[in-house]
Every structure is written in C-alpha cells, then in structure tokens.
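Have a look at the structure below, then the notes.
In what follows, chains carry the letters A, B, and so on, assigned in the order in which the sequence lines appear, proteins first and then strands, with residues in each chain numbered from 1.
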Amino acid sequence: MKSSNNNRRKFMATTLQSVGLTALGGLLWSGYCDEAKASPLVLRPPGALPEEQFLDVCIKCGLCAEACVNRESNKNKDGTQREGTLKMAKGGDHKLIGTPYFIPTEVPCYMCDDIPCAVVCPSEALDIKSLLNEKKELDINKAKMGLAVVHKESCVAYWGLQCDACYRACPLLDEAITLDYQKNERTGKHAFLLPVVHSDVCTGCGLCEKACITEKPAIFVLPREYAMGRAGDHYVKGWDKKDQQRAGNRKLDEIETHDERSQQAPSDYLNREIEY
Amino acid sequence: MKNLKYLLLRRATQIGLMFLYFAANAYGWHILEGTFGSSKLFGLIPLADPYTTLQALSAGFLLGADVLVGALLIVLFYMIVGGRAFCSWVCPINMVTDLANWLRRKLKLDKEEVNYRFLKRRTRYWIMVLGLIVSAIVGIAAFEAISPITIMQRGIIFGFGAGISIVIAIFLFDLFGVKNGWCGHLCPLGAAYSIIGQKSIIRVKHNHEACTNCMECKIVCPENQVLHMINKESISVTDGECTNCGRCIDVCNDDALGFSIRNLNKDS
C-alpha cells in the first residue's frame, strides 16, 4: 500500500514537472516567434499573400530566390550570373528567418514577364491568381509588392532642379509615376517637374528608388500596408457615382461621431483650458 | 583497421545532396532545388518536409498542393527506408553532432556523464507536439523559425550570416553539454521521423550467436537504447529511434550486425 502511494506520488510529480517544463518552453518559444515575425518594413516577392498569412504559408524553401538569380535575363554580357533580387532572410537580417525579401537600393525587382519566382512557389505563398490579368495571363504589372513614396523636402525636383530619374526608371512609364508641371514662382520663368506616384498602378518594384540621384533616395518603396491610408466608407466622393456606392458598405452602428469634445458647444472651444 | 564503409557512404550522401542543393542556386542545376522545407527533384517531383508542413497547417492556413503532395511522398519514402535515415544520411546537422560526439570520445568526456534529470530522450516528442501548439498560437511554423537544420542548409546554399551561431551552439551543447543532446534528446524533426519510420522495412539485424559482447556497437551508437538485444536475442532493431546509420555494423568485429529486410511476422 505504501509503495503504491509512493509510486502515485512520483508519477504525479513527474507529470507535473513535464507539464510545467513544457509550459515554460512553450512560453519562451511563442515569445520568440512572436517577436521574430515582427518585421513590418520588409518587401516581399510579387504575388505574396498579406504579410501575416505569408509568414506562415511560406515554407522557406528558397525556390523563388533560386529561380530569381538563375533566370536567363539575369546574366551579364559575358555570360556571368548577376546577383538576384530576392534574398533569403538569415540570422542577423532581423526578418523571419528563411523568408524571401528584397532591398531596392541593392537589387530592385526587374519585373520579369514570366514571373519565375511566383510560378515556382510550391506552397502558394506567392499567389499566382493575384498576378493574372483579365485574359487570365500572367501579368507582372498586377504585382503589389509595395508603394513608392516621395519625400518632397529631399527630392531635388521639388526644389526646382530638373530631375526625372525616377520617372524615366519606372517600368510603367507615365502611369505609375507622372510629372506634375507647376510654375516656379521663385524664378518666375521655370517649371517644376514634380514626380507623383499613383498607388493604383505602382507595383513597388523599386526601380525608382534604385535610380534616385539623392544621397539617400527621396523616393522609396514601403509595404503598402504602411504607405497607405484609408478614408473609410463614410467618406465618399459625392460627385462620383461609382464611388458613392461605397456608402452602402458603411456600418452605421460602427460610426461614432460623438466624443468628449463634441458634447461641448463649438463656441466653448476657444474658452476651454487646453488639456493634453 | 576499422571498417568505415557506412560512415563514408553516409558522408558521401550528405555532402552530395548538399552540393546538389547548393548547385541549384549557384549554377542553376535542376537536379535537387529548394531546401528541406520544400524541394523539387529533377525540376518536377515535389518533396516537402512533413513536420514543417504540419506546423504550417496547424498555424491555420491552407498550403499549395505541391507541398502537400511532396510531404506525402517523403512520408512514404521514409516509411520504407526507416524514418531516421533522414537524420543520419541527409541532415547536415548530423555531421556537426557526430563531430562533437567523436570529440567527446577522444577527450574522454563521457566518463563524466551526469544524470540529466530534466533532459530525457522522450523530451523531443514533447517538443514536437509543443511545436505544433506554438505554431497554432503564433500563426507561423514555429520550429522553422529556429530550426538549426534548415538554417544550416540555407547557410550552405545562400550564405550563413549570423545563422552560423546556432550551428556552433549545437556543437558546443553536444560536446560539453549533453551527449547526443540535440539529435538524441531535443530535435522534434528527428522525433517526427522516428514515428514515421516505426514500421520501416530496412532494419539492422543482430546475430546473437556471433556476438562476443564487446559493446563497441553500444559505445558508438547515438541512440544506444535501441540496441537492447545485443548479446541477448537474434532479432532486428525495430525501434523507430534507430537512425539506420550503420555505425554499429561498421564497428562490429564479429559480423553480428547487418542491414536486412525486417521480418514482418516475427519482429512486429
């Protein structure tokens, strides 16, 4: 009787210990993984699923990077291989290890017509379906790898100097980046040629960023999630019939127009003590 | 002169496969492309790591058909040749841990073997299950985020970066920490392959009559709990934890061990 009691006690203790250590391991492991996947400013290959989903579905095999570097168009004139666009994240890159990404200032995406990286993906983390045009053909112009953003204060075209490097480098010339002509009031006789990016066309290939002449590029590609805002369905263009249909999507009970400040009369605004 | 037949065959296989993977990136060869996570054989046949696939699935997203078919092919293959043949014939980490183990024997560190209370050989099965749970919680394949196996493989193909540190860490752990610490106690991939290879056909068979009980096989075996029949019974090593590395056959001076086809009626 006593020995069976001891056995039971021992069994309970070992079970408890195993469960406890497993929980400890699980907490550490989850914590690490959660941090490891937080690499928001990373640019993925064409057709990549939304980042959260991509991080899981990508099986980290590297077939895309191998297809990218070994494509026919990636050879120098003497036949030697050039560096590929896609890199595989390794220790120290501060991205989820083993996932493909690219850095436009090093090697931008040259937008191959046959999209070898996406075609080869076995897990469909690079989703071919998102790269098909109306005729169900592969169309690299459908890619949405990121969005180019112009920093006006460092862009010399906004200073009034003549530069259209990004405009000329863009594979969707005069579509993804257009030039806005404005009069230079400072000189009175010159024009500004201002690059403007259109988010519905820009693929995020990064050729503009690579071409930019400033010390640190004044035009650069960010993941679309970070480069774009969203007006929401309760702001519609009343003069645009198509856009007005969006008003139907809004959820009235989710719209909150009352907050602490709106309970006061507008005239109180000027008399109110400033609170931060 | 010691017999090194299977050791040399294994090294040739491991290095050969790694070179084919390397050449797929460096020279554009289409023999074996990708990494263990998912590969392409002859530019056509998909292969995928079953445990990685399971992690990705348990994180909640559906994968492409190539990966699912590839994982199935790998499972079928290792169900026949012995699951942990992957560990000793393919995995590059095996070369690191074998080196650590060899050094342990040379430096006579094993004499000081400590009883590691928490670290049992079955720990790896806990880690394997935990890996699936953590994948489900965090939403990414959890072991793939830290796996020294694919980190080393990608290191060989694409360059190591700071990833080399985890390979060194495993070497040090196996050399100065626990004997067979990584492959024999912790690695969840090895645990998965142990389960896949439970009933495999190709097995090491022991001949009790020829055995002189020298115990060389048990000294060299990385999973020597599977050799419980030595000098006791003439049966096959049926434990799924056997890696089919063949080192026991190499070191046996009495011809008491050899690869054979498992006798399905008798040994199961």
Side-chain angles (χ1 to χ4, degrees), chain A residues 14 17-23 25-37 49 52-72 74-75 81 84 86-94 96-100 120-128, chain B residues 21 24-29 33-40 46 48-49 52-53 55-56 59-67 69-70 117-118 122-123 126-127 129-131 133-135 137-147 150-151 154-155 157-166:
Chain A
T14 2
Q17 191 181 46
S18 301
V19 171
L21 287 173
T22 308
L27 284 174
L28 292 174
W29 198 352
S30 308
Y32 171 77
C33 286
D34 211 38
E35 292 297 323
K37 69 174 189 175
L49 297 169
E52 184 82 356
Q53 203 175 342
F54 176 81
L55 290 175
D56 176 43
V57 177
C58 170
I59 200 106
K60 297 146 193 87
C61 66
L63 283 168
C64 52
E66 290 176 3
C68 177
V69 71
N70 287 305
R71 66 188 196 273
E72 269 310 303
N74 199 35
K75 288 202 167 84
Q81 202 71 261
L86 296 179
K87 302 165 183 297
M88 297 295 288
K90 47 185 182 282
D93 286 356
H94 304 291
L96 182 62
I97 207 152
T99 52
V120 81
C121 178
S123 68
E124 291 169 22
L126 304 180
D127 182 16
I128 289 287
Chain B
Y21 277 118
N25 186 54
Y27 316 123
W29 291 11
E33 300 163 87
T35 61
F36 295 145
S38 185
S39 314
K40 244 186 191 174
D49 178 338
T52 307
T53 307
Q55 289 170 67
F61 295 108
L62 200 61
L63 301 174
D66 274 8
V67 168
V69 171
R117 211 176 147 201
F118 302 130
R122 65 162 190 274
T123 306
W126 286 85
I127 295 178
V129 175
L130 190 60
I133 297 172
V134 172
S135 299
I137 295 171
V138 187
I140 58 170
F143 182 59
E144 267 311 291
I146 55 169
S147 166
T150 39
I151 286 175
R154 276 192 302 268
I157 303 170
F158 301 105
F160 271 101
I164 192 77
S165 58
I166 192 163

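- Contact of the B/Tyr27 side chain with the A/Gln81 side chain is not registered, since no non-hydrogen atoms from C-beta on lie closer than 4.5 Å.
- Smallest separation of non-hydrogen atoms from A/Glu66 and B/Phe158: OE2-CZ, 3.7 Å.
- Under a 3.5 Å cut-off, the side chain of A/Lys37 and the backbone N or O of B/Val138 do form a donor-acceptor pair.
- Pairing each heavy atom of A/Trp29 with each of B/Ile127, the nearest pair is CZ3-O, 3.7 Å.
- Chosen from A/Cys121, A/Ser18, A/Ala67, A/Gly84, the residue pairing most often with chain B at heavy-atom distances under 4.5 Å is A/Ser18.
- Scanning all heavy atoms of the two residues, the minimum distance from A/Asp56 to B/Ala56 falls at OD2-O, 2.9 Å.
- Panel note: side chain B/Thr35, backbone A/Lys60; a donor-acceptor pair is recorded below 3.5 Å.
- Residue A/Glu52 qualifies as open at atom CD: its count of foreign heavy atoms under 6.0 Å is 12 or below.
- Heavy-atom pairs under 4.5 Å with chain A were tallied for B/Ser147, B/Gly155, B/Ala145; the largest tally goes to B/Ala145.
- The structure places CD1 of B/Ile146 at 6.5 Å from SG of A/Cys33, a figure rounded to the nearest 0.5 Å.
- Across A/Glu124, A/Lys90, A/Arg71, A/Met88, the residue that shares the most heavy-atom pairs under 4.5 angstrom with chain B is A/Lys90.
- Proximity to chain A is limited to the backbone of B/Ala65, based on heavy atoms less than 4.5 angstrom apart.
- In this structure, the portions of A/Val57 lying under 4.5 Å from any heavy atom of chain B include both its backbone and its side chain.
- Chosen from B/Gly28, B/Gly37, B/Ser38, the residue pairing most often with chain A at heavy-atom distances under 4.5 Å is B/Ser38.
- In this structure, B/Lys40 and A/Val120 have side chains that are in contact, with non-hydrogen atoms separated by less than 4.5 Å.
- Atoms CZ and SG, from B/Phe61 and A/Cys58 in turn, are 13.0 Å apart once rounded to the nearest 0.5 Å.
- Using a 4.5 Å cut-off between heavy atoms, B/Leu130 contacts chain A through both its backbone and its side chain.
- Taking B/Ala59, B/Gly161, B/Ala142 one by one and counting their heavy-atom pairs under 4.5 Å with chain A, the maximum is reached by B/Ala142.
- With a threshold of 4.5 angstrom between heavy atoms, B/Thr150 does not approach chain A through any atom at all.
- A/Asn70 touches chain B through its side chain: at least one heavy atom from C-beta onward sits under 4.5 Å away, while N, CA, C and O do not.
- Considering only heavy-atom pairs separated by less than 4.5 Å from chain B, the leading option among A/Gly92, A/Ala36, A/Ala125, A/Pro122 is A/Pro122.
- Looking at A/Ile59, both its backbone and its side chain come within 4.5 Å of chain B, counting heavy atoms on both sides.
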